[in-house]
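Have a look at the structure below, then the notes.
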Amino acid sequence: MAHVVIVGAGQAGAACAAKLRALGFAGQVTIIGEESAPPYQRPPLSKAYLLGEMEEERLWLRSAEFYADQGISLRLGAKVEGIDTAARVVTVGGEAVGFDELVLTTGSVPRRLPAAVGGDLGGVYTVRTLADVDAMRGEFVSGRRLVIVGGGYIGLEAAAVGAKLGLDVTVLEMAPRILQRVAAPETSDFFRALHGAHGVKILESTGLERLLGEGRVTGVRLLDGRDLPADFVIAGVGIVPATGLAEAAGIVIDNGIATDEMGRTSAPHVWAAGDCASFPWKGGRLRLESVGNAIDMAEAVAENIFGAGRAYEAKPWFWSDQYDCKLQIAGLNTGYDRIVTRKGEGEAVSFWYYRGAELLAVDAMNDSRAYMVGKRLIEMGKSPAPEVVGDVSVELKGLLKA
């Protein structure tokens with residue numbers, strides 16, 4: 001009987017296993033994960049779960065009964081020590097587990113502040129796993145001082161939680177503006193104003209020299225010489241693909257585990273999907289860090305294991321919740337040279353990214369209609385004229401028919 005082993009018990013791993021069963025795969029399916037929890041959603045960790053508005057069981061992607069009913073073996077709290085691609089074996093806790101097909105859905109790991117600048121002090125956290133958030137939840141007490149290093153989406157989501165719970169929150173961003181790597185100045189301006197209205201202090205063009213404290217963090221020293229007090233610190237300085245296992249097995253790495261358009265790696269019978277994997281995209285390679293990509297790529301891999309021969313076509317979308325604002329993003333804005341602003345109802349607004357006459361992406365704040373229309377336009381390869389998009393007298397739905 002054929003055996004598919006999936007290394008990584010996150011969104012991609014769970015999606016791949018479920019899709020295999022939905023397609024009628026009757027062989028063995030084993031998911032191996034380092035965490036003790038069954039596959040769960042990560043996005044709510046820095047939002048509803050951290051706020052205490054969601055219990056752990058509601059994070060789970062599927063019930064424990066689902067895996068049993070589907071004949072999917074979950075090996076949790078188990079670390080894969082190595083992969084022998086020639087023998088088709090993975091080693092788990094000293095045990096050799098054979099596979100006919102192997103899927104790597106190892107995800108990504110957070111960058112940490114170096115120990116040389118105090119990153120190993122107590123009270124310094126990252127936001128990636130259930131254990132990370134469980135470890136820091138007790139720190140969120142009204143009146144305490146939280147310093148967040150990094151003004152990306154994870155850092156800003158944590159800042160929103162801190163502000164809502166009554167903490168004194170400061171965000172440090174080394175770049176000239178928050179969200180600089182991922183969004184237009186208009187989106188940065190929107191979220192800077194939103195956080196300011198909730199009392200969060202955002203310090204841009206501000207670098208960290210080191211964390212202060214003996215054993216536990218008590219403050220931060222900035223590159224300009226200022227010291228800021230801190231009861232705890234969150235590092236939101238990005239993530240990197242978890243490629244160590246693949247690299248040690250001799251699998252080609254190129255901005256993640258390199259796959260072809262079907263999701264195959266350089267090793268026969270070994271596939272990859274999700275945050276850890278890069279794939280061909282418009283003459284180059286792309287790696288996406290998103291729930292949508294994790295699910296869609298993993299399901300494409302499952303189909304291709306089943307012999308579909310279907311090239312994966314990414315349809316990028318993302319979201320972020322901060323306070324009462326839902327940001328929804330469609331497309332990729334790389335290479336944009338123009339932003340068109342479209343006002344929605346009330347405080348809703350959307351920013352449309354163009355390169356020349358081509359629509360690349362949309363950032364929609366509390367404007368689900370703009371997001372949905374923009375997403376469909378991008379996926380259809382349609383680019384309405386920028387002046388038409390900016391004209392609020394033009395119905396959004398009409399753009400799909402033009």
Side-chain angles (χ1 to χ4, degrees), residues 2-33 39 42 61 70 72 80 83-86 88-90 97-109 239-318 332 379:
H3 187 192
V4 176
V5 172
I6 301 168
V7 178
Q11 189 94 52
C16 185
K19 187 67 172 179
L20 283 168
R21 287 297 189 233
L23 291 168
F25 178 71
Q28 290 178 268
V29 178
T30 301
I31 301 176
I32 304 171
R42 293 192 191 277
L61 295 168
Q70 293 293 313
I72 297 169
V80 174
I83 302 167
D84 185 332
T85 59
R88 291 202 222 171
V89 164
V90 297
V97 177
F99 64 83
D100 293 284
E101 304 290 336
L102 175 66
V103 186
L104 300 177
T105 56
T106 47
S108 51
V109 293
I239 58 178
V240 293
T243 60
L245 266 179
E247 192 167 4
I251 295 170
V252 172
I253 307 298
D254 184 357
N255 184 25
I257 303 169
T259 72
D260 65 9
E261 65 276 8
M262 305 293 174
R264 298 187 197 92
T265 72
S266 62
H269 306 286
V270 181
W271 312 71
D275 285 11
C276 68
S278 68
F279 52 89
W281 173 265
K282 297 183 178 179
R285 297 198 70 78
L286 179 65
R287 187 176 61 81
L288 292 173
E289 299 165 358
S290 74
V291 168
N293 175 69
I295 295 170
D296 294 346
M297 190 176 185
E299 290 187 345
V301 163
E303 291 178 27
N304 290 331
I305 288 173
F306 221 56
R310 178 171 77 85
Y312 173 55
E313 295 182 18
K315 298 176 180 178
W317 58 273
F318 314 87
L332 293 175
E379 291 173 0

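- Here the closest non-hydrogen pair linking A12 and G274 is CB-CA, 4.2 Å.
- Here W317 pairs with W319 under the ring pair (Phe, Tyr, Trp, His ring centres under 6.0 Å) rule; sequence neighbours left out.
- Within the structure, salt bridge (charged side-chain N to carboxylate O under 4.0 Å, His left out) pairs that include any residue of residues 266-280 comprise R128-D275 (at least two apart or interchain).
- The two residues P241 and C276 make their nearest non-hydrogen contact at CB-CA, 3.9 Å.
- Rounding to the nearest 0.5 Å places CG of L102 at 9.5 Å from OG1 of T85.
- Residues satisfying the side-chain contact (heavy atoms from CB on, under 4.5 Å) criterion with D296, sequence neighbours excluded, are Y312.
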*Does the side-chain contact (heavy atoms from CB on, under 4.5 Å) test come out yes or no for R88 and D100, once each step is laid out?*
CA-CA 7 Å; R88 291 202 222 171; D100 293 284; 4.3 Å; yes

Exercise answer: donor-acceptor pairs, residues 246-258 side-chain atoms, under 3.5 Å, sequence neighbours excluded:
| from | atom 1 | to | atom 2 | distance (Å) |
| --- | --- | --- | --- | --- |
| N255 | OD1 | R287 | NE | 3.3 |

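- For S278, the side-chain hydrogen bond (donor to acceptor under 3.5 Å, both in side chains) test picks out R285, with sequence neighbours left out.
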*Check step by step if side-chain contact (heavy atoms from CB on, under 4.5 Å) holds for T30 and V4.*
CA-CA 6 Å; T30 301; V4 176; over 6 Å; no

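- Residues passing the salt bridge (Lys or Arg N to Asp or Glu O under 4.0 Å) test with R21, sequence neighbours excluded: none.
- With a 4.5 Å cut-off on side-chain heavy atoms, N293 and F318 do not count as touching.
- Between C16 and A302, the closest heavy-atom pair is O-CB, 3.7 Å.
- Remark: F279 CZ to M297 CE distance equals 6.0 Å, nearest 0.5 Å.
- Residue pairs meeting the salt bridge (charged side-chain N to carboxylate O under 4.0 Å, His left out) criterion with at least one partner in residues 23-32, sequence neighbours excluded, are absent.
- Residues forming a salt bridge (Lys or Arg N to Asp or Glu O under 4.0 Å) with E313 (at least two apart in sequence, or on another chain): none.
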*Could you walk me through whether L23 and I305 pass the side-chain contact (heavy atoms from CB on, under 4.5 Å) check?*
CA-CA 10 Å; L23 291 168; I305 288 173; over 6 Å; no

*For side-chain contact (heavy atoms from CB on, under 4.5 Å), just list the numbers for L104 and W271, CA-CA rounded to whole Å, side-chain angles, deciding distance to a tenth of an Å, and then say yes or no.*
CA-CA 6 Å; L104 300 177; W271 312 71; over 6 Å; no

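- Note: F306 CZ to K19 NZ = 11.0 Å, rounded to the nearest 0.5 Å.
- Sorted by first and then second residue, the salt bridge (charged side-chain N to carboxylate O under 4.0 Å, His left out) pairs with a member in residues 258-268 read D260-R264; sequence neighbours excluded.
- A distance-only check finds no donor-acceptor pair linking the side chain of D84 to the backbone of V89 [under 3.5 Å].
- Shown here for V301 and A272, the closest heavy-atom pair between the two residues is CG2-O, 3.8 Å.
- When all heavy atoms of A17 and I72 are compared, the pair lying nearest together is CB-CD1, 3.9 Å.
- Remark: I295 pairs with Q11, A15, V291, E299 by the side-chain contact (heavy atoms from CB on, under 4.5 Å) rule, at least two apart or across chains.
- In this structure, the side-chain contact (heavy atoms from CB on, under 4.5 Å) partners of A14, at least two apart in sequence or on a different chain, are P39, L61, Y67.
- With rounding to the nearest 0.5 angstrom, the CZ atom of R310 is 9.5 Å from the CE atom of M262.
- Remark: the backbone N or O of A242 is paired with a side-chain donor or acceptor of T106 at under 3.5 angstrom.
- Shown here for I31 and G13, the closest heavy-atom pair between the two residues is CD1-O, 4.0 Å.
- Every side-chain contact (heavy atoms from CB on, under 4.5 Å) that V97 has, sequence neighbours left out, goes to H3, V5, R75, V90, V92, E95.
- Of the possible polar contacts, one joining the T105 side chain to the V7 backbone as a donor-acceptor pair under 3.5 Å is found.
- One distance of note links NZ of K315 with CD of E379; it measures 5.0 Å at 0.5 Å rounding.
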